[in-house]
Protein chains: 2
Amino acid sequence: MKIPSRLRENALAIFKAGLQAADPLEAIHRHVKRIGLKLQVGEKVYNLSDYERIFVIGGGKAGASMARAIEDLLKGRITAGLVNVKYGHLADLEVIRLNEAGHPIPDEAGVQGTQEIVDLARQAGEKDLVICLISGGGSALLPLPVPGITLEEKQTVTKLLLACGATINEINTLRKHISQIKGGQLARIVMPATLISLILSDVIGDPLDVIASGPTVPDESTFQDCWRIFEKYQLVDRIPRSVLNHIRAGLSGRVAETPKPGDPAFAKTQNLIVGSNLLAVKAAAQKAKELGYNTLILSSFVEGETREVAKVHTAIVKEILNSGNPIPPPACIISGGETTVTLKGKGLGGRNQEFALAAAIDIAGLKDVVILSAGTDGTDGPTDAAGAIVDGSTVQRAKDLNLDPFKYLQENDSYHFFQPLGDLILTGPTNTNVMDLRILLVGA
Amino acid sequence: MKIPSRLRENALAIFKAGLQAADPLEAIHRHVKRIGLKLQVGEKVYNLSDYERIFVIGGGKAGASMARAIEDLLKGRITAGLVNVKYGHLADLEVIRLNEAGHPIPDEAGVQGTQEIVDLARQAGEKDLVICLISGGGSALLPLPVPGITLEEKQTVTKLLLACGATINEINTLRKHISQIKGGQLARIVMPATLISLILSDVIGDPLDVIASGPTVPDESTFQDCWRIFEKYQLVDRIPRSVLNHIRAGLSGRVAETPKPGDPAFAKTQNLIVGSNLLAVKAAAQKAKELGYNTLILSSFVEGETREVAKVHTAIVKEILNSGNPIPPPACIISGGETTVTLKGKGLGGRNQEFALAAAIDIAGLKDVVILSAGTDGTDGPTDAAGAIVDGSTVQRAKDLNLDPFKYLQENDSYHFFQPLGDLILTGPTNTNVMDLRILLVGA
């Protein structure tokens with residue numbers, strides 16, 4: 001039933017190249033090189049002989065692989081290390097300990113591990129190097145409320161803010177001001193040691209202060225902002241007393257603000273994105289060029305309702321066929337980011353499979369067009385597929401099997417649409433997440 | 001309040017260039033040139049001395065200006081002419097008569113005029129030239145049901161099909177098979193004369209057989225398709241008897257099929273798009289290049305829910321600022337087509353103003369970004385504005401006036417958001433329609 005074609009094979013190869021760049025191990029090895037006693041981190045070079053001890057700390061879903069990569073690079077040089085990871089996300093390591101903790105709901109194991117990470121960071125002195133490994137989920141996996149506030153109270157604040165429609169920025173402002181490490185405070189703890197923070201971004205646009213709530217990054221928000229948010233949503237009477245007291249203490253200067261840009265805490269800090277959607281998109285684009293396609297990176301910032309976003313993508317495909325704009329065939333358009341699905345049906349699927357289904361309807365009957373959409377984490381929605389791949393014959397092949405594409409789209413049932421067609425992309429869980437990749441190929 | 005800037009001025013100039021290419025008079029003069037006794041129509045050259053008489057026929061909202069352009073070109077050579085136009089859409093003409101008729105609901109004045117057009121076309125002989133002027137609204141403005149079917153019965157069919165979710169293709173298939181001129185049948189009437197059909201397209205992708213139901217274009221659909229549509233939607237018992245009888249007559253061969261590709265009716269026919277969204281987009285792109293912008297035509301096929309489509313456009317703006325992809329600043333991205341708005345509020349606005357409002361929210365605070373969205377017909381939704389223009393300061397300027405952009409978007413009240421800001425684009429009615437233009441500028 002499935003028609004293999006060069007376009008399909010190429011689309012899969014381009015996706016694979018993007019995926020590879022998002023692999024935590026690969027991502028670190030691409031950006032951190034060991035040359036004898038030198039460690040090149042992005043543009044910066046560190047002389048390992050300058051440092052007495054090296055500590056490794058951090059947290060996030062990709063923590064195990066990132067720790068593995070650092071042990072590869074610094075064999076025998078690491079003094080101690082502790083990284084918080086999700087339950088079951090382990091790796092064979094020599095020195096760095098992995099502490100399993102709760103995600104997406106933080107738990108006491110997370111608090112315990114984060115406390116130990118803080119203790120380790122405090123040990124580091126002026127002649128020590130601390131490497132911090134941050135990845136998606138790092139905010140939940142590195143919970144450490146200030147003394148007097150419980151994990152439950154912290155979560156109550158988040159729930160209250162979500163319920164009244166607060167923005168993610170506003171929620172993060174609060175989170176940073178009731179945490180001991182978020183909002184740059186981990187960097188302050190690491191000081192006076194040298195700090196290298198290696199970051200795998202799962203946030204659109206890679207805002208350093210947002211990823212895992214930016215534990216090693218200057219914070220622009222203030223206790224006053226927190227209070228304004230409480231007032232804006234009329235929460236003063238509903239916020240847990242302990243939280244309110246802490247914010248008040250901050251307002252009156254009895255508790256220190258998070259470190260701002262220019263703070264000495266960051267004098268010896270390097271924050272480096274080693275993996276991100278844009279880096280994956282660029283790696284995919286590189287592969288597409290090698291395969292001979294005129295290649296355009298559309299955007300890694302793509303958001304919005306999936307089926308509508310798909311329409312704009314297929315509109316570009318149609319223009320390529322119609323007039324050779326924005327680029328002439330053989331053309332490859334790549335976009336990244338993460339769309340949303342407003343569930344109306346009761347089917348099984350994910351945003352990438354739904355994108356592919358909506359796109360299949362739009363390109364039905366077109367020749368020499370292949371569209372792939374897949375998540376870099378390998379699990380699109382609550383399914384075992386990363387995404388799906390479609391072409392101009394998909395709708396007809398579905399109809400031959402008595403599958404009505406409109407009905408499956410209406411029911412948000414893209415998984416059951418693609419499963420019998422054999423058009424699912426199955427990678428298995430990749431233990432990384434730099435959001436989604438969409439690859440549009442238009443043949444000559 | 002309004003901040004004039006070079007970016008804004010350039011965006012408006014680029015829009016104006018696109019608008020100019022869509023002007024019916026200009027559109028015809030760009031594609032039809034008179035050089036002495038020669039008439040160059042696109043790539044083809046006609047020797048006017050070959051023709052004894054020249055007739056001008058047609059219909060559509062831009063009919064008056066198109067007729068004006070043809071009279072300019074063929075001064076003194078036109079024998080007679082009749083073009084159906086919307087009530088009040090008139091022009092000073094010497095020979096060609098304009099017949100005012102109903103739009104979007106066809107009326108008896110339309111039927112009467114179309115009958116006269118058919119009579120005129122029948123007069124044309126082998127040595128005559130017929131010029132047909134087609135523009136948006138031409139389907140409603142050129143109504144001529146087959147004998148025995150009334151205008152009301154024809155409209156009943158359309159309403160029944162719309163109500164059961166039939167596609168526009170299916171509705172057109174029916175329309176063509178109960179009309180005397182649609183689906184290429186006007187070309188058959190003009191035969192054996194030479195026929196030049198000049199078309200101003202208001203349909204995405206410029207499908208010749210769809211614009212005004214393709215009176216001069218081969219038709220691929222059949223009476224059998226009509227019957228299948230009746231059966232598919234279980235309409236056989238609900239369709240007016242006269243219509244059913246006509247389709248049955250067609251099925252049994254008692255009534256002729258619409259002319260198919262290769263039919264002799266088209267042996268001396270030239271169909272030429274003189275104005276379209278893509279041509280307007282290209283003219284705008286040309287202007288942007290002249291102004292020094294790296295320019296990309298995204299697509300003229302853009303459809304979808306306006307605010308979601310806006311998100312994909314602003315995602316591209318963000319990537320330009322972030323990484324210089326898909327093109328580095330100073331950058332101009334141009335898209336066309338026509339989006340939709342699912343009304344949820346009770347405000348006043350149109351798809352272009354809503355696009356601009358949604359975009360303004362996304363780009364709030366960004367520097368050196370201007371986004372313009374406007375319809376080429378000059379009347380966006382039920383408003384006197386063509387669209388609106390926004391930049392990174394728009395949201396702040398609105399807040400300074402106590403206007404909450406989210407509320408106005410929620411209420412579909414974009415007109416009242418932009419009016420106090422002075423950011424509406426007011427062109428007045430342009431008497432043309434090649435859908436919308438969106439212009440995104442990102443400065444250096």
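Letters A, B, ... mirror the listed sequences (proteins, then strands); counts begin at 1.
For the options B/Val302, B/Val317, B/Asn322, B/Thr295, heavy-atom pairs under 4.5 Å to chain A are most numerous at B/Asn322. Of the listed residues (A/Pro326, A/Gly304, A/Gly205, A/Ser335), the one with the most heavy-atom contacts under 4.5 Å to chain B is A/Pro326.
With a 4.5 Å cut-off on non-hydrogen atoms, A/Ile334 does not touch chain B at all. In this structure, the portion of A/Leu296 lying under 4.5 Å from any heavy atom of chain B is its side chain and not its backbone. With a 4.5 angstrom heavy-atom cutoff, B/Ile204 does not touch chain A via any of its atoms.
A/Ile14 contributes atom CD1, which lies 13.5 Å from atom CG of A/Leu19 (distance to the nearest 0.5 angstrom).
With respect to B/Lys311 and A/Glu308, no salt bridge is recorded, no charged nitrogen being found less than 4.0 Å from a carboxylate O. Taking a cutoff of 4.0 Å between a charged side-chain nitrogen and a carboxylate oxygen, B/Lys399 and B/Asp404 do not qualify as a salt bridge.
At most 12 heavy atoms of other shown residues, nucleotides or ligands fall within 6.0 angstrom of atom CD in B/Gln234.
A cation-pi arrangement is found for B/Arg438 relative to B/Phe355, the charged atom lying closer than 6.0 Å to the ring centre and inside a 45° cone about the ring normal.
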